[in-house]
Participant: 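Dropping a structure here in structure tokens format, bear with me for questions.
Atoms within a ligand are numbered from 1 in the order they appear, just like the ligands themselves. These numbers were taken from a predicted model, which means no experiment stands behind them.
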Amino acid sequence: MSTEVTRQIRELRETVARLHSELTRYGLVAWTSGNVSARVPGQDLLVIKPSGVSYDDLTADNMVVCDLDGALVEGDFAPSSDTAAHAYVYRAMPEVGGVVHTHSSYATAWAACGEAIPCHLTAQADEFGGEIPIGPFALIGGDDIGKGIVATLAGHRSPAVLMQNHGVFTIGRDARAAVKAAVMCEDVARTAHLARALGQPVPMAQADIDALYDRYQNVYGQQPVAPAGS
Ligand SMILES: [Zn+2]
């Protein structure tokens, strides 16, 4: 392994360990469930949480490195039991640099009902570009979960899928973007549940959803400032 790849892996171990604390901060996980991974850019490798280690004990050093078949390459612990699903997504979707999995309560309640979250909120249009889709039921082990995630999200605007009877998988250009999608997915799922409890949510026009999505993805946020006189 070149010095540059070793340095990249070191940085990603730190990033992935740190991002796991966002899952607990936002109340998305219980006990040791949930996991974050990152692709090592340009390599057929990923960095992921070890299996069964408490969130309080996660450090850069106990993160594990696997190849894109999910086999352990570097690390003192067994990789997360969800590694096969993460690895499948990286194999099938080269644009994805980060994957997150949680059983966050509200989003997983929609998954338990096998129901996609319809888009009745501007914040959902911004981040997800429409409904948050439901993926198939799949048992852990083998490629079935990964296949279900990819079949649902490929060509879909949403970076989140609710896997039926299971929980949430999110993707992003990097691990931080996938964590943000997991946080926003739970937020939207909670509000959608409350709206449904309160009455009948008001549908949004597809043109408005499209306009919000386009603005948020392409215009919103800090843009580079043009130099004076340009
Ligand atoms: Zn799970």
Participant: Using links of under 4.5 Å between side-chain heavy atoms of ILVMFWY residues, direct or through other members, which residues join L212 in one cluster?
Facilitator: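 Traced through the cluster, L212 reaches M204, I209.
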
Participant: Distance-only criterion, 3.5 Å: show the donor-acceptor pairs between side-chain atoms of residues 135-152 and protein atoms not counting sequence neighbours.
Facilitator:
| from | atom 1 | to | atom 2 | distance (Å) |
| --- | --- | --- | --- | --- |
| D143 | OD2 | R91 | NH2 | 3.3 |
| T152 | OG1 | G148 | O | 2.7 |

Participant: For the Zn ion (ligand 1), check which protein N, O or S atoms are under 2.8 Å away and list them.
Facilitator: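 Short answer, with waters excluded from the count: H101 NE2, H103 NE2, H166 NE2.
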
Participant: Between the main-chain N or O of A211 and the side-chain N or O of D214, is there a donor-acceptor pair closer than 3.5 Å?
Facilitator: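 No.
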
Participant: Same cluster or not: are V168 and V96 linked, directly or through other Ile, Leu, Val, Met, Phe, Trp or Tyr residues, by side-chain heavy atoms under 4.5 angstrom apart?
Facilitator: no

Participant: Holding to side chain to side chain donor-acceptor pair (under 3.5 Å), I want the full list of residues that pass it with D61, two or more places apart in sequence or in another chain.
Facilitator: R10

Participant: Which class fits the ring pair F169 and H86: parallel under 30°, tilted 30 to 60°, perpendicular over 60°?
Facilitator: perpendicular

